[in-house]
Amino acid sequence: MPTVKIDKNHCKGCELCVKACPMQVLAMSKDITVKGYLYAKLVDPSRCIGCRICAVTCPDVAIEVHTNGTVFALFEY
Amino acid sequence: MPTVKIDKNHCKGCELCVKACPMQVLAMSKDITVKGYLYAKLVDPSRCIGCRICAVTCPDVAIEVHTNGTVFALFEY
Amino acid sequence: MSQYEVTFAGFGGQGIMTAGQLLSYAGIAEDKQVVWIPSYGPEMRGGTAYCTVVVSKTRIGSPIISNPRCICVFNRPSFDKFEPMVKAGGLLIVNSSLINSTSDREDIRTLYVPANEMAIKAGNPKSSNIVVLGALIGASEVVKYDSIEKTIEKKLGHKKEALESNLKVLKQGYELGRKAMKKKAKV
Amino acid sequence: MSQYEVTFAGFGGQGIMTAGQLLSYAGIAEDKQVVWIPSYGPEMRGGTAYCTVVVSKTRIGSPIISNPRCICVFNRPSFDKFEPMVKAGGLLIVNSSLINSTSDREDIRTLYVPANEMAIKAGNPKSSNIVVLGALIGASEVVKYDSIEKTIEKKLGHKKEALESNLKVLKQGYELGRKAMKKKAKV
Amino acid sequence: MTKVLMKGNEAIAEAAIKAGCRAYFCYPITPQSEVAEYMAKRMPEVDGVFLQGESEVGVGNMLFGAAATGRRVFSTSSSPGISLMQESISYMAGAQLPVVLVNIMRGGPGLGGILPAQSDYFQSVKGGGHGDYRLLVLAPSTIQEAVDLMMLSFHLADKYRNPVMMIGDGMIGQMMEPVEFPDKYEEPPLPDKPWALTGAAGRKAQVVKSLFLDPIMLEKNSWLLHEKYEQMKLNETRFELYKVNPKNEILIISYGTMARICQTAIDELEEHGISVGLFRPVSLFPFPEQQLLKAATQKGVKAVLTVEMSTAQMHEDVQRIVMGKTPTEFFGRTGGVVPSPQEVIDQVMGLLDKYPGKKKAQHSASKSKKAQGK
Amino acid sequence: MTKVLMKGNEAIAEAAIKAGCRAYFCYPITPQSEVAEYMAKRMPEVDGVFLQGESEVGVGNMLFGAAATGRRVFSTSSSPGISLMQESISYMAGAQLPVVLVNIMRGGPGLGGILPAQSDYFQSVKGGGHGDYRLLVLAPSTIQEAVDLMMLSFHLADKYRNPVMMIGDGMIGQMMEPVEFPDKYEEPPLPDKPWALTGAAGRKAQVVKSLFLDPIMLEKNSWLLHEKYEQMKLNETRFELYKVNPKNEILIISYGTMARICQTAIDELEEHGISVGLFRPVSLFPFPEQQLLKAATQKGVKAVLTVEMSTAQMHEDVQRIVMGKTPTEFFGRTGGVVPSPQEVIDQVMGLLDKYPGKKKAQHSASKSKKAQGK
Amino acid sequence: MADNSKTIFARPDSMTENITHYCPGCTHGIIHRLVAEALDDLGVREKTVGVAPVGCSVLAYNYFNCDFLEAPHGRAPALATGFKRLRPDMIVFTYQGDGDLASIGGNEILHTANRGEKVTTIFVNNAIYGMTGGQMAPTTLPGQITTTSPAGRDTVSTGYPLRISELLSTLATPSYIERVSVHTPMNIVKAKKAIRRAFEYQLEGRCFSLVEVLSTCPTNWGITPGESTKWLDENMVPFFPLGVFKEPENMA
Amino acid sequence: MADNSKTIFARPDSMTENITHYCPGCTHGIIHRLVAEALDDLGVREKTVGVAPVGCSVLAYNYFNCDFLEAPHGRAPALATGFKRLRPDMIVFTYQGDGDLASIGGNEILHTANRGEKVTTIFVNNAIYGMTGGQMAPTTLPGQITTTSPAGRDTVSTGYPLRISELLSTLATPSYIERVSVHTPMNIVKAKKAIRRAFEYQLEGRCFSLVEVLSTCPTNWGITPGESTKWLDENMVPFFPLGVFKEPENMA
Ligand SMILES: Cc1ncc(C[n+]2csc(CCOP(=O)(O)OP(=O)(O)O)c2C)c(N)n1
Ligand SMILES: Cc1ncc(C[n+]2csc(CCOP(=O)(O)OP(=O)(O)O)c2C)c(N)n1
Ligand code: SF4
Ligand code: SF4
Ligand code: SF4
Ligand code: SF4
Ligand code: SF4
Ligand code: SF4
Ligand SMILES: [Mg+2]
Ligand SMILES: [Mg+2]
């Protein structure tokens with residue numbers, strides 16, 4: 001199952017990943033980071049297809065994508 | 001009859017007018033100006049058709065063209 | 001009190017600069033000398049922004065104040081950075097809505113103001129800076145209440161509702177400040 | 001003669017700079033101190049070009065010489081410009097092929113050399129500068145005849161015919177110079 | 001005339017407009033970009049020209065062209081930008097054009113930082129460009145003075161047909177103080193500008209240039225400039241004395257906002273019975289030489305202390321002027337670090353130790369560890 | 001080592017190559033274009049880089065990039081071109097890069113003329129760019145010295161990781177003198193260049209920069225530079241004395257070819273029984289301060305005369321250093337006018353009139369009308 | 001995570017772990033990553049030198065794991081030229097904003113491209129001066145409000161936006177020039193390819209290469225990161241069309 | 001001459017009587033005359049300011065009968081911008097060589113054109129640095145020998161000649177751009193028309209205008225004036241084709 005790991009430390013809460021995820025896996029937190037940002041988090045991890053769109057979109061390289069099985073590679077990267 | 005007047009003072013002896021004149025009216029002098037240049041002079045004034053090609057070509061505006069009759073205007077200027 | 005210095009510090013967007021400027025205008029209205037100086041440079045990108053206001057009856061020398069008499073901190077990083085810098089005998093005003101730390105210093109006075117809560121209650125969540133400003137004036141009398149009230153009317157008067165709530169929280173802050181000072185004075 | 005200064009002046013193309021450089025090399029060959037300095041700047045566009053050579057047994061101070069001991073003029077404008085600048089007691093060499101003026105100065109020696117004619121006669125019309133150089137050395141002994149001959153062999157030796165004619169006119173110029181000096185000496 | 005609270009950069013911009021300037025060229029740079037932003041709004045309101053150029057090289061030369069019209073023209077920048085203008089500044093000085101420039105200095109060299117510094121003294125006062133020329137250099141210490149000197153700059157530029165540069169550290173640009181503007185800027189009469197290029201109608205064609213191929217003419221131009229600089233020395237030295245009096249033990253020399261910090265230090269020292277005077281040059285070129293010498297050689301003065309936000313630049317002028325008649329000492333911070341009054345106090349205390357001569361039992365103003373340790 | 005007759009510009013170019021420089025960037029400008037033309041031919045022969053840039057702004061920055069490789073890099077220009085390099089020079093000084101520059105000075109300000117001048121002293125010695133930095137500045141008076149100092153420049157640049165500038169008036173570029181080159185340029189050992197950018201292989205990535213957003217770091221960098229300049233003052237002052245001795249009535253201070261002209265004047269004065277010494281600084285920064293002070297305060301010296309081809313620039317340093325202990329006087333021509341020995345003689349005679357003190361019956365060296373008229 | 005888990009997206013080696021100083025949602029960060037990925041892919045990190053501009057990316061050297069030079073404003077191409085001429089064996093790239101490259105540095109980029117220096121330029125066009133607080137850039141769109149065009153850019157008095165890719169494509173000297181964008185995932189993928197290709201051309205010693213990347217500046221545009229990508233798409237892309245403008249094969 | 005004689009060619013009023021410092025046969029002189037004739041024709045001499053460059057035409061002000069500014073090398077367009085912005089009622093032109101305009105002054109001309117300044121530029125392209133003694137210019141032809149390209153311009157290390165008219169024609173801002181030559185009488189006639197038209201556009205306040213004029217430098221090319229016109233025709237014209245590149249009507 002593909003998994004996405006978001007580094008709260010790097011996240012600046014821009015919401016681009018949330019908007020980009022085709023599977024609505026992500027949403028913004030209610031609480032803030034030390035820097036004062038809301039951060040992206042997984043709300044429905046099971047829906048993740050490992051497409052990497054969120055990671056590709058993140059300006060702060062806060063997202064890693066892992067898998068141990070099939071992924072839906074929507075594009076070559 | 002068209003006439004050409006060459007200002008020896010301005011002439012630097014580049015020979016461009018001599019080469020340009022379609023009627024071989026001009027040639028270079030044998031003696032030099034105070035600045036040390038051979039200069040252009042009329043050798044066959046009667047052949048001049050007042051076409052102004054020499055004057056147009058002269059980089060030193062050393063040539064004036066006058067006429068009191070018809071001229072062969074090879075171009076509008 | 002021939003010269004008084006106040007530093008306002010917090011996140012961008014908390015009205016830090018405005019608070020300082022309002023205080024400056026009030027000072028001018030009282031015919032005092034005034035300098036307002038912002039932080040700029042690397043701090044700006046670092047999250048905390050601050051400005052300092054000097055109000056004085058006489059010509060102001062240094063516009064840069066290492067240890068102001070009063071510091072108003074609006075968020076946690078500012079508390080950490082500025083708490084040690086208050087001049088001995090001076091005043092630290094803490095926005096207790098966002099800062100749950102307290103100062104250990106015994107050589108200064110401290111005043112905890114739940115500025116965001118008070119602002120929200122007054123129906124103008126953006127006015128936490130005015131709450132603190134009121135408290136500052138109540139506790140320090142750096143300018144007269146009247147002067148700051150008039151300044152706010154003049155500078156923020158274009159939006160009627162906002163003005164009303166601003167004046168309201170100003171008053172509340174002021175009372176808080178005055179009360180606290182009286183209490184301390186008793187000690 | 002611990003220091004001798006020569007200015008060569010004329011039109012561009014008359015070999016002015018080369019004459020100066022050849023003299024400089026000859027000076028170096030004699031283990032003397034040498035400076036060669038050209039004119040540059042507005043003069044260059046004005047028609048006359050000149051260079052000055054200082055040859056000295058001791059360290060050379062000023063490279064700029066207001067009144068050189070010897071001036072060789074190759075054309076009319078140079079004559080006009082430089083004739084007054086020869087140092088009192090000095091020497092003026094005039095290329096009489098192109099200059100039909102003579103100097104009125106009584107405090108200097110003058111030498112008229114039909115350099116172009118001699119050069120043409122020797123079959124190398126471009127060698128008028130060498131004629132004058134020869135004359136200069138004949139009349140002044142600023143360097144030894146030997147030194148200049150060797151220099152010319154070395155520097156202009158790549159073209160055999162040219163070299164021969166150059167050496168020929170050098171000699172002719174030299175003799176002319178020497179003779180003239182002897183004559184003067186008799187006076 | 002009413003008092004308004006204004007940011008230095010904006011006050012400078014408004015003052016230029018008040019002085020009749022209707023042409024401003026700029027390239028953005030911190031910490032002076034607010035001048036440009038203010039002008040972008042204001043110039044169209046007064047039918048003036050606002051133009052952001054492609055670079056400071058471009059801007060310096062736009063200024064050059066604009067000044068040739070004879071109108072009042074203006075630009076502002078900060079340290080690296082001013083370096084890029086050096087060629088054009090030298091040209092404008094050579095061509096005798098009145099232009100006004102402001103340098104809101106930041107820490108250097110190179111990209112450095114953007115915090116306040118005074119390390120462009122040499123560049124502005126000695127001439128960062130090539131050739132024999134000088135700028136008339138003014139250094140305000142308050143926003144009101146920045147306004148006043150700004151207006152004066154336009155006057156002096158016209159009076160001497162010479163570029164005038166006002167320099168201030170970042171604080172001058174960034175801080176707000178109440179300022180008053182005159183309703184109408186009054187200035188003494190100025191000569192006409194027959195040199196301005198207005199078209200060769202009814203007169204001969206003329207040229208604005210710094211080229212003199214004939215060295216005699218070029219030298220003439222240089223001595224003519226020199227003569228103007230001598231005139232400036234006679235007429236345009238400006239300075240301020242603060243608590244300079246016969247009791248002074250130390251004389252501080254400092255300019256711009258740094259001088260205000262020294263002032264605070266002096267006040268505190270006074271409370272502790274130590275008399276220190278402040279000599280604040282307002283014109284850096286021409287430098288108030290005689291006046292400084294006089295203050296520095298007052299009888300009781302044990303040492304002269306230059307305080308600058310640099311590693312010692314004006315100090316060289318102080319040394320030249322004081323000629324060793326009183327010991328000259330230096331204290332500076334640089335790179336955007338602004339010394340505190342306490343640091344200045346410590347320096348003064350150190351000097352009183354170094355140059356005793358007088359009892360100083362009552363001296364106890366120093367609070368720093370360093371000074372206490374002594 | 002054999003003597004060759006060479007034009008200054010070409011000798012400078014060859015000396016750079018001898019010193020191991022294999023990268024030269026330029027933009028043509030009179031009177032130094034021959035350096036570029038020589039390099040265009042020579043660099044390919046030694047597998048070096050020759051590149052004509054689009055402008056001096058470009059060239060200054062190409063040099064910056066090239067220096068970051070750790071190799072020896074070089075550029076030459078003349079006054080206006082040097083003005084355009086001020087920003088990059090300030091950056092390179094801030095980033096501590098060893099680069100070598102030559103300024104073959106011409107008359108300014110502005111376009112000025114192309115004849116010899118020394119009016120870029122301030123620019124080179126005080127720093128035409130922004131911020132606290134200095135160039136190490138050398139000034140040769142002969143072509144041989146130009147060659148020697150040229151090679152030394154590369155050494156010193158590496159030794160101090162600082163830009164070095166050699167300045168000469170147009171004569172240094174244009175005249176020919178016999179010169180000797182060493183077969184192999186020998187120099188004392190130099191430290192490694194771990195700061196050079198060679199790729200982050202087997203080490204951490206590193207950066208060459210002049211940016212320090214934290215003012216504390218920027219200040220640290222500035223004091224570090226300052227410390228280097230103090231080291232230079234200790235180790236790198238260079239000067240020459242000519243006929244400096246206890247009999248001197250006047251001491252002339254002059255540098256570059258101007259000093260040679262003074263030398264001729266001094267020789268002539270000596271013939272007339274007037275003893276004048278010449279102090280010729282070879283390093284203009286660091287300036288040989290103590291040595292000058294010593295020479296200037298010799299007992300018999302009535303006045304010190306600075307002679308420059310400018311309207312007085314080095315003279316300010318002379319005044320600063322001599323501190324009024326001996327009267328300081330100035331004589332200069334500028335804009336491309338080169339003073340003659342006679343003019344210098346006249347000046348000296350004038351000073352002997354102005355500062356009598358000693359009999360001068362035997363003095364009769366002056367031939368100029370002005371002096372005779374007195 | 002299970003043992004047989006595979007990382008299919010992670011921070012490239014050529015990037016450091018440092019948190020950038022860029023504003024939330026600023027696409028400078030994406031472009032940094034794409035460059036770093038290209039260096040990783042080609043295995044050239046250890047022989048690469050980047051040249052940082054003056055602009056928001058002035059601190060780029062903090063985020064890349066390769067050697068860096070910090071250039072004066074606009075002059076990165078000149079530094080790159082100087083460096084590369086001495087070290088043709090190394091890979092040199094500049095990373096520049098639109099103020100830096102298209103305004104003050106116009107002459108340096110023009111001549112660097114025209115000389116055909118074997119360096120790569122990443123040109124980040126966000127139609128504004130980010131670092132100095134939102135002044136007009138040569139690439140600012142007609143009508144766009146900035147602090148120095150408070151009434152919107154007026155083409156009558158300041159002309160039209162400068163199209164650098166189009167401009168440089170007219171040069172006779174061979175080069176590779178492409179304009180891409182990073183405002184959608186698909187564009188990011190294309191941008192990555194372009195950037196890699198640019199480095200490949202350099203690695204082969206073939207030509208100068210430049211990739212213009214349309215980028216957002218939410219802070220100075222005054223809108224959210226999400227709105228910014230939309231604004232870019234609707235306003236910038238029409239004026240700055242995406243695509244390959246020049247290949248070294250086709251000489252102009 | 002008879003009383004009824006008519007002058008059909010004479011020195012234009014806008015030129016002085018001064019003998020130029022140009023070398024024999026240098027076509028700078030022709031171009032000067034064409035500009036002067038245009039000023040005469042349009043009757044604008046008295047409200048015109050020329051901006052001289054640094055280059056052989058640095059002394060242009062000695063030869064024109066109108067006001068002049070002498071600019072730093074390459075910066076004439078910036079001076080022209082500054083002047084014209086304050087005096088839109090006047091006519092402003094720059095006269096620049098190829099070193100001046102295309103090398104050091106590349107950014108000034110690019111941005112002046114792109115802002116659409118209402119000024120006229122006469123760009124004299126002689127493929128070399130005349131004044132400084134024949135160094136390579138950005139417009140020097142491949143293989144052409146100059147003092148700084150002693151082996152001939154090598155396109156591998158210095159790229160191809162810069163074609164300014166082509167380059168500036170790609171700008172979106174309206175302008176008039178034409179390339180002409182003065183190496184034959186017929187070309188001179190065409191050049192005259194182009195120059196007049198350029199001034200007309202300015203007079204109408206319509207756009208920036210630039211006329212690139214191919215010109216000779218017999219001195220630094222090392223051939224006679226006659227050979228020079230031939231060399232220009234055979235070498236320059238093929239690389240720098242003549243014609244109108246842009247009219248204000250056609251926006252790029
Ligand atoms: C010579 C000089 N001029 C001006 C500046 C100020 N400055 C810093 S960054 C910048 C512009 C940045 O804009 P851009 O290049 O578009 O980069 P962005 O911040 O948008 O990424 C300017 C003008 C400077 N540092 N140096
Ligand atoms: C800043 C600066 N750099 C260099 C020069 C030297 N310089 C004078 S003219 C010139 C080039 C002239 O060439 P071009 O512009 O083609 O004009 P041309 O003489 O060929 O007509 C140069 C490099 C200068 N005066 N100023
Ligand atoms: S990998 Fe794809 S599906 Fe999974 S969270 Fe990211 S964008 Fe959504
Ligand atoms: S894109 Fe990155 S920085 Fe933005 S919210 Fe998502 S994880 Fe955070
Ligand atoms: S006018 Fe024509 S025909 Fe007469 S001389 Fe001139 S070119 Fe020859
Ligand atoms: S074209 Fe003019 S300068 Fe040339 S030879 Fe003829 S008259 Fe003389
Ligand atoms: S100011 Fe703009 S370009 Fe700069 S970091 Fe913020 S969003 Fe990015
Ligand atoms: S050098 Fe060339 S361009 Fe200059 S005047 Fe002579 S021929 Fe004309
Ligand atoms: Mg940008
Ligand atoms: Mg040319």
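Reminder, nothing fancy here: chain letters follow the sequence lines and each chain counts from 1.
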Could you check whether atom NZ of F:K18 has more than 12 heavy atoms from other residues, nucleotides or ligands sitting under 6.0 Å from it? yes
Residues of residues 65-73 of chain F with any heavy atom under 4.5 Å of a heavy atom in chain G: F:G65, F:A66, F:A68, F:T69, F:R71, F:V73
Name, in order of residue number, those residues of residues 186-198 of chain F that have a heavy atom at a distance of less than 4.5 Å from a heavy atom in chain G; otherwise write 'none'. F:L197, F:T198
Can you find a heavy atom in the side chain of F:L211 that is under 4.5 Å from one in the side chain of G:L59? yes
Report which part of F:Q206 has an atom under 4.5 Å of a heavy atom belonging to chain G: side chain, backbone, both, or neither.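 Contact with chain G involves both backbone and side-chain atoms of F:Q206.
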Counting only heavy atoms closer than 4.5 Å, note whether F:R22 contacts chain G via side chain, backbone, both or neither.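 Interface part for F:R22: neither.
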Please state whether the side chain, the backbone, both or neither of G:A71 comes within less than 4.5 Å of a heavy atom of chain F. backbone
Heavy-atom distance under 4.5 Å to chain F: side chain of G:V54, backbone, both or neither?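 The side chain, not the backbone.
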Residue among G:R45, G:R115, G:K47 with most heavy-atom pairs under 4.5 Å to chain F: G:R115
Identify the heavy atoms of [X] and [Y] that sit nearest to each other, and give their distance.
X	Y	result
G:Y61	F:K209	OH-CD, 3.3 Å
F:A200	G:N65	CB-O, 4.0 Å
G:E70	F:Y91	OE1-CE2, 4.1 Å
G:F64	F:A205	O-CB, 4.5 Å

Any residue meeting salt bridge (charged side-chain N to carboxylate O under 4.0 Å, His left out) with G:E46, in chain and number order, not counting sequence neighbours: none
Test side-chain contact (heavy atoms from CB on, under 4.5 Å) on G:N107 and F:V57; report intermediate values, then the result. CA-CA 10 Å; G:N107 211 30; F:V57 172; over 6 Å; no
Of all the residues in residues 75-90 of chain G, which have a heavy atom that comes within less than 4.5 Å of a heavy atom in chain F? G:R75, G:A78, G:L79, G:T81, G:G82, G:F83, G:R85, G:L86, G:R87, G:M90
Output the distance between atom NZ (F:K204) and atom CG (G:D67), rounded to the nearest 0.5 Å.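 It is 13.0 Å, given to the nearest 0.5 Å.
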